[in-house]
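What follows is a set of notes on a single structure, which appears directly below.
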Protein chains: 2
Amino acid sequence: MTEMDGQVPERFARAREAQSVALLEDYVEMIGDLIAELGEARVADIAERMGVAQPTATKAISRLKREGLATARPYRGVFLTEEGADLADRVRARHRTVVELLVAVGVPEGVAELDAEGIEHHVSDETLAAFEGFLKSR
Amino acid sequence: MTEMDGQVPERFARAREAQSVALLEDYVEMIGDLIAELGEARVADIAERMGVAQPTATKAISRLKREGLATARPYRGVFLTEEGADLADRVRARHRTVVELLVAVGVPEGVAELDAEGIEHHVSDETLAAFEGFLKSR
DNA sequence: CAAGAAATATAGCAATGGCTATAAATCAAC
DNA sequence: GTTGATTTATAGCCATTGCTATATTTCTTG
């Protein structure tokens, strides 16, 4: 045990909070990718890439709209708000940094990609800055 | 984009799976800690340390019993099965390694503890091995 | 050992994130 | 421009993980 015992509940609360944001981040990044590649993000494409059924994607998109990250008209494509696009950029950059960090400490490329998907959502700004510093100073 | 585009849905599915196991791991580790410290794990203590209400802890313990990781009789303490104790040991070791790795690449101790709580559940055996190798070879 | 305090369990609610089945809207092609 | 195919939305289900309120059991103490 460490000297931080008193903060244990807060640690878990923080991890839970991060998890609740993770899905939003994944969807926003994916929508950003689709728009960049295809000019628009269709529900069917989003569902396929996320590996979920189409109604699941529709429901997630509703939440994105509620949170002000995306806009969509019924039976039309999905688009990101400025806030959503900013978030997508940050998520993408963080993902790259996490993969690079993992590779830098010896994790095989493919494994790094797989693990980064889960890890990235729990990397705070401070840790991300440390990762960048480490990568630069090698 | 990388050369792994075809596996994107599997990546997310894997991250989701890891998330569903994370809570079990946290509870098992915490119960192990409590037994080591106090000789037994009471529901009230588990709830307090996990930062959740007592019925939430009770419900989680039911799941642990269902999964064969813990045993408990009503109104009595909670104990780990052999499988649960093994899991607790592995989780604890992995947690330490993740914190050490983070510190090794420049993350401040306190931040490392916070972030590790979320990160550790997404660290595969292969990545963990790479972390250990990196730490040893410094 | 009886009563009150403390701990645990249960009931029931909400949000999230899955799913299938089906309805409704759009698109394509004749 | 209709019709059939495709796409999206909706309805309704399940499990999980939280919560509060309340019942029940155990513990403690006079």
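Proteins get letters first, then strands, A, B, ... in listed order; numbering begins at 1 in each.
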Note to self: Between the side chains of Arg138(A) and Glu100(A), is the shortest nitrogen-to-carboxylate-oxygen separation below 4.0 Å, so that they form an ion pair?
What the structure shows: no
Notebook entry, point to check: Which heavy atom in Ala57(B) sits nearest to a heavy atom in Val52(B), and how many Å separate them?
Noted result: N-CG2, 4.0 Å
Item checked: Sequence neighbours excluded, every pair satisfying salt bridge (Lys or Arg N to Asp or Glu O under 4.0 Å) that has a member inside residues 54-75 of chain A -> Arg63(A)-Glu67(A)
Checklist line | Tyr75(A): partners by side chain to side chain contact (heavy atoms under 4.5 Å, CB included), with sequence neighbours left out | finding: none
Item checked: Proximity to DNA chain D (any heavy atom under 4.0 Å), residues of residues 69-76 of chain A only -> Pro74(A), Tyr75(A)
Notebook entry, point to check: Do NZ/NE/NH1/NH2 and the carboxylate oxygens of Arg14(A) and Glu117(B) come within less than 4.0 Å?
Noted result: no
Next item on the list: Report, as yes or no, whether the 6.0 Å neighbourhood of atom CD on Glu48(A) holds more than 12 heavy atoms from other residues, nucleotides or ligands.
Entry: no
Checklist line | Heavy-atom protein contacts under 4.0 Å, nucleotides 12-18 of chain C, coded B base, S sugar-phosphate only, - none | finding: B---SBB
Check: Could Asp45(B) and Arg42(B) be called an ion pair, given the rule that one side-chain N must be under 4.0 Å from one carboxylate O?
Finding: no
Next item on the list: Could you list where the contact with chain A starts and ends along DNA chain D, reading 5' to 3', using a 4.0 Å heavy-atom cut-off?
Entry: dT7(D) to dG18(D)
Check: Taking NZ, NE, NH1 and NH2 as the nitrogens, is one of them in Asp33(A) or Arg92(A) under 4.0 Å from a carboxylate oxygen of the other?
Finding: yes
Next item on the list: Look at the side chain of Gln54(B) and the base of dA7(C), then say whether one donor and one acceptor between them are separated by less than 3.5 Å.
Entry: no
Check: Quick one: side chain to side chain contact (heavy atoms under 4.5 Å, CB included) partners of Gln19(B), sequence neighbours excluded?
Finding: Gln19(A)
Notebook entry, point to check: Between Ala44(B) and Arg42(A), which has a closest nucleotide on DNA chain C that is more 5'?
Noted result: Ala44(B)
Margin query: Could you tell me if Glu25(B) and His95(B) have a donor-acceptor pair between their side chains, going purely by distance under 3.5 Å?
Written below: no
